[in-house]
Amino acid sequence: MANRVLVTYATRHGSTAEVAEEIANVLRHAQLPAEVRAVDELDTVDPYDAVVFGAPLYMGRLQRAGARFLAEHHDELAQLPLAVFALGPNNTEDSRRGAQRQLDRKLATRPDLHPFAVGLFGGVIDPDKLRFPFTRLNRGDWRDWDAIRLWARSLVPQLQLATALSSTRSPA
């Protein structure tokens, strides 16, 4: 088995996919073999040595496909090094506090998962991609790309360790 890190994401409108791609680029720059896949494309996470999972927060909840991924793969994820990121609506202090509470509540529903890192970043609102009444929201992109890259770089030592340990395990 090749040593690989899975960067997987749930997204409705593409902004979380863009963040996942950037995180994977940072990991690849650090010589980590990172593969980016949407959660809907995965039947298993078994071939991977570690997982970085991301999803947006909508209306107080983790996006449905992301929540389903955590539920369906929680046994596998509990055995792997796991990092989690989420995109919230914007970077106001109140919004970030609310988004952090939402993310913490969701992760608490899966006590068998122990992410070694959790990142929360601003999200994107594009009224052209939304349904009424959300078409009346103000357009904005609150993703802080420098903060995202810094968070991704902070994952490197743990992920390097995971892939190194994987290469020393004997096949079952």
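The first residue of the sequence shown is numbered 1, and numbering continues consecutively from there. Below, all heavy atoms of this structure are taken into account, side chains as well, without hydrogens, waters or symmetry copies.
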State, with a plain yes or no, whether a side-chain heavy atom of [X] is found less than 4.5 Å away from one of [Y].
| X | Y | value |
| --- | --- | --- |
| Asp40 | Arg68 | yes |
| Tyr48 | Glu35 | yes |
| Phe53 | Val39 | yes |
| Trp151 | Val26 | no |
| Leu80 | Asp49 | no |

(request) Using atom types as modelled and distance alone, determine if a side-chain donor or acceptor of Arg4 lies under 3.5 Å from a backbone N or O of Pro33. (result) no
Can you tell me how far the [atom1] atom of [X] sits from the [atom2] atom of [Y], to the nearest 0.5 Å?
| X | Y | atom1 | atom2 | result |
| --- | --- | --- | --- | --- |
| Glu72 | Thr44 | CD | OG1 | 11.5 Å |
| Leu42 | Leu6 | CG | CG | 5.5 Å |
| Gln102 | Leu107 | CD | CG | 12.0 Å |
| Leu120 | Leu103 | CG | CG | 6.5 Å |
| Thr16 | Phe85 | OG1 | CZ | 6.5 Å |
| Arg101 | Leu57 | CZ | CG | 12.0 Å |

(request) Scan for side-chain hydrogen bond (donor to acceptor under 3.5 Å, both in side chains) pairs involving residues 152-161, sequence neighbours excluded, and state none if there are none. (result) none
Name every donor-acceptor pair, under 3.5 Å, that has one atom in a side chain of residues 108-119 and the other anywhere in the protein, sequence neighbours excluded.
| from | atom 1 | to | atom 2 | distance (Å) |
| --- | --- | --- | --- | --- |
| Thr109 | OG1 | Lys106 | O | 2.6 |
| His114 | NE2 | Pro111 | O | 3.3 |

(message) If we check side chain to side chain contact (heavy atoms under 4.5 Å, CB included) with Val51, which of these qualifies: Val84, Leu159, Thr8?
(response) Thr8
(request) Taking all heavy atoms of Pro56 and all of Ala10, pick out the closest pair and write down the distance. (result) CD-O, 3.1 Å
(request) Can you see which heavy atom on Ala55 is nearest to which on Gly66, and at what distance? (result) CB-CA, 4.3 Å
(message) Checking Glu21 against Tyr9: is there a side-chain donor and acceptor pair closer than 3.5 Å?
(response) no
(message) Can you confirm whether the side chains of Gln100 and Asp104 place a donor and an acceptor under 3.5 Å from each other?
(response) yes
(message) I'd like to know if Glu18 and Arg143 make a salt bridge, using a cut-off of under 4.0 Å between side-chain N and carboxylate O.
(response) yes
